[in-house]
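Notes follow the structure.
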Amino acid sequence: MKKERQVHRKSLLEWGQQQPETVVISGDLTSACEADGFAEAYPDRFINMGMMEQNMIGFAAGLAREGLVPLVHTFGVFMYRRALDQVEMSVSYADLPVRMFGFLPGVTTPGGPSHQATNDVAVLRSLPNMSVVEVGDAADIESLYSIARSVSGPLYVRMLRGEVSRIFDAPFVLNRARILSAGTDIALLTSGVCTEEALRATDLIRDAGMSIAHLHVTTLKPFDDPTLFDAISNCRLGVITMENHTTIGGLGSCVADVMSTGGIGRRLIKIGLNDQYLQGASAPYLMKNYCMGAESLIAAVESLSGQRLGITPEQLADAMVSDFVGENQVEAL
């Protein structure tokens, strides 16, 4: 699978060129959030507000009221934890077109609980007027410009940085899942980096005789995509969700809501962080040790089907999609 570096940095430069009313705001994390290229190219449209996230959100709301398009950059935890009141009262309540880019979701940083956003989707999708999307590859990131232009109110983007895989060729469409495969036994819905993790196992699961419909979900609010409803309705054995987030309030909860309101009587297994905080370690280590990875997907399929698939750890290791440097890494904030 092809890897690309600093996709958002490149995309942001194009954004600035195409939309002159764009203003990028940083919470003293300019290069860490890949906004440094924009700052160099358009210094008159860039503001570093320092470690003052509450003021930053309020300021962004003011810019939006004046007809500008503020793109707020910081780590996700600082956006929805430190500035939640401002996000809700100044941005969401006012229904302003502020675009908030929250970096370092869940296992994507070894920085520990102080830097890992693990319940941001649950918190922010509960706000009226707020749209929520989560990118999972380079094409998703490159799609954000057109997506942001189609959203009239506030938008929260669960962002990736650094080295990002390219899984898809075409851009994503708001509130439309990408279909990776069709199947009738199990519906698998994945989001963010968990889509790449799931791809380690899906071919092996099919080889073991299971028919699996795999969908990559980018839009977490709104969440009324008929593609998802059809996949969930047509699966014979049950539904599995897989997310880099707590199982409370994220993708799994979105799917549970759809299943209950639609009267879909299937089993649902939610793979994600189970009501706890992550420690600081590499993504593969965290996914495996917190039961969020490909091994857990195989176990969930076995639970729904009632049969052993016979997939060995060696087969999963051979199917590793991405490389990493050892099980424990130094913090890279």
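All figures in this text were calculated on a predicted structure; none of them were measured in a lab.
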Does the pair R81/D120 count as a salt bridge with the N-to-O cut at 4.0 Å? no
Look up atom OH in Y156 and atom CE in M100, then write down how far apart they are to the nearest 0.5 Å. 8.5 Å
Let me check something: do Y80 and Y277 share a hydrophobic cluster, defined by ILVMFWY side-chain heavy atoms less than 4.5 Å apart, either directly or through other members? no
If you take all heavy atoms of S143 and R178, which pair is closest and at what distance? OG-NH2, 4.3 Å
Indicate yes or no: at least one non-hydrogen side-chain atom of V157 is less than 4.5 angstrom from one of R99. no
Taking the side chain from S92 and the backbone from E88, do they hold a donor-acceptor pair closer than 3.5 Å? no
Would V255 and L268 count as a side chain to side chain contact (heavy atoms under 4.5 Å, CB included) here? Give the steps. CA-CA 9 Å; V255 172; L268 169 64; 4.2 Å; yes
In the single-linkage hydrophobic clustering (I, L, V, M, F, W, Y; side-chain heavy atoms under 4.5 Å), do I248 and L273 co-cluster? no
H245 side chain to V121 main-chain N or O, any donor-acceptor pair under 3.5 Å? yes
If we ignore hydrogens and angles and just use 3.5 Å, is the side chain of T109 paired with the main-chain N or O of G111 as donor and acceptor? yes
Given side chains that start at C-beta, do those of N274 and Y290 come closer than 4.5 Å, heavy atoms only? no
Tell me yes or no: between the side chains of R206 and S181, is some donor less than 3.5 Å from an acceptor? yes
Are L174 and I141 connected in a single hydrophobic cluster, I mean Ile/Leu/Val/Met/Phe/Trp/Tyr linked by side-chain heavy atoms less than 4.5 Å apart? yes
Identify the two heavy atoms, one from A138 and one from E4, that lie closest to each other, and give their separation to 0.1 Å. CB-OE1, 4.3 Å
Value rounded to 0.5 Å, distance of CD1 in I212 from CD1 in I186: 5.5 Å
Which residues satisfy the salt bridge (charged side-chain N to carboxylate O under 4.0 Å, His left out) test with D95, sequence neighbours excluded? none
Run the numbers on R158 and V133 for side chain to side chain contact (heavy atoms under 4.5 Å, CB included), then give the verdict. CA-CA 6 Å; R158 214 170 189 238; V133 301; over 6 Å; no
When you measure from the side chain of Q307 to the backbone N and O of E302, does any donor-acceptor pair fall under 3.5 Å? no
Between L251 and I179, is there a shared hydrophobic cluster once you connect ILVMFWY residues whose side-chain heavy atoms come closer than 4.5 Å? yes
Does any non-hydrogen side-chain atom of D225 lie less than 4.5 Å from one of L228? yes
Check G280 against Q116 and note the closest heavy-atom contact, atom names and distance. CA-NE2, 4.4 Å
Reported NZ-to-OG distance for the pair K288 and S296, which is rounded to 0.5 angstrom: 10.5 Å
Pair I269, V239 - check side chain to side chain contact (heavy atoms under 4.5 Å, CB included), show working. CA-CA 6 Å; I269 297 179; V239 182; over 6 Å; no
Is it true that a side-chain atom of E197 and a backbone atom of M242 form a donor plus acceptor pair closer than 3.5 Å? no
ILVMFWY cluster, V173 and F229 together (side-chain gap under 4.5 Å): no
Side-chain heavy-atom pair M79, V72 within 4.5 angstrom cut-off: yes
So, S191 versus E243: side-chain donor-acceptor pair below 3.5 Å or not? no
State, to 0.1 Å, how close A41 and L13 come at their nearest heavy-atom pair, and which atoms those are. CB-CD2, 3.7 Å
Determine, using ring centers only, whether Y42 and F38 are less than 6.0 Å apart. yes
Are S165 and K3 close enough that a side-chain donor and a side-chain acceptor fall under 3.5 Å? yes
Would you check, one step at a time, whether the test side-chain hydrogen bond (donor to acceptor under 3.5 Å, both in side chains) holds for R267 with S303? CA-CA 10 Å; R267 281 188 64 195; S303 176; 3.2 Å; yes
ring-ring contact (aromatic ring centres under 6.0 Å, His included) against F168, all qualifying residues, sequence neighbours excluded: H216
Apply side chain to side chain contact (heavy atoms under 4.5 Å, CB included) to F172 and I147, showing your working. CA-CA 8 Å; F172 83 88; I147 295 301; 3.5 Å; yes
Atom CD1 of I25 and atom CZ of F101: how far apart are they, to the nearest 0.5 Å? 11.5 Å
State, without any angle test, whether N129 and Y93 hold a side-chain donor-acceptor pair at a distance under 3.5 Å. no
Within the distance-only criterion (no hydrogens, no angle test), does the side chain of N244 pair as donor or acceptor with the backbone N or O of V107 below 3.5 angstrom? yes
Keeping R166 on the side-chain end and K2 on the backbone end, is there a donor-acceptor pair under 3.5 Å? no
What's the separation between atom CG in L155 and atom CG in L96, rounded to the nearest 0.5 Å? 13.5 Å
Would E34 and R161 pass as an ion pair if we require N to O under 4.0 Å? no
Report yes if the side chains of S26 and F46 come closer than 4.5 Å at any heavy-atom pair, otherwise no. yes
Do the side chain of T219 and the main chain of P222 share a donor and acceptor less than 3.5 angstrom apart? no
Min side-chain heavy-atom separation S131-R125 under 4.5 Å: no
At their closest point, which heavy atom of D137 faces which heavy atom of I167, and how far apart are they? OD2-N, 2.8 Å
When every non-hydrogen atom of A300 is compared with those of I271, the smallest separation belongs to CB-CD1, 4.1 Å
Which atom pairs, one a donor and one an acceptor, fall under 3.5 Å between side chains of residues 54-68 and the rest of the protein, sequence neighbours left out?
unit_1 : atom_1 : unit_2 : atom_2 : d
Q54    : NE2    : R82    : O      : 2.9

T190 and H214: side chain donor to acceptor below 3.5 Å: yes
In Å, rounded to the nearest 0.5 Å, how long is the span from CG of L189 to NZ of K270? 13.0 Å
If you draw a 6.0 Å radius around CD in E21, do more than 12 non-hydrogen atoms from other residues or ligands fall strictly inside? yes
Do S90 side-chain atoms and V87 backbone N/O form a donor-acceptor pair below 3.5 Å? no
Does M52, at its CE atom, have more than 12 non-hydrogen atoms belonging to other residues, nucleotides or ligands within less than 6.0 Å? no
Do R236 and S211 have a side chain donor and acceptor closer than 3.5 Å? no
For the residue pair T247 and D275, establish whether any side-chain heavy-atom pair is separated by less than 4.5 Å. no
Please examine the side chains of P105 and M159, heavy atoms only from C-beta on, and report whether any two atoms are closer than 4.5 Å. no
Taking R45 for the side chain and G16 for the main chain, is one N or O donor matched with an acceptor at less than 3.5 Å? yes
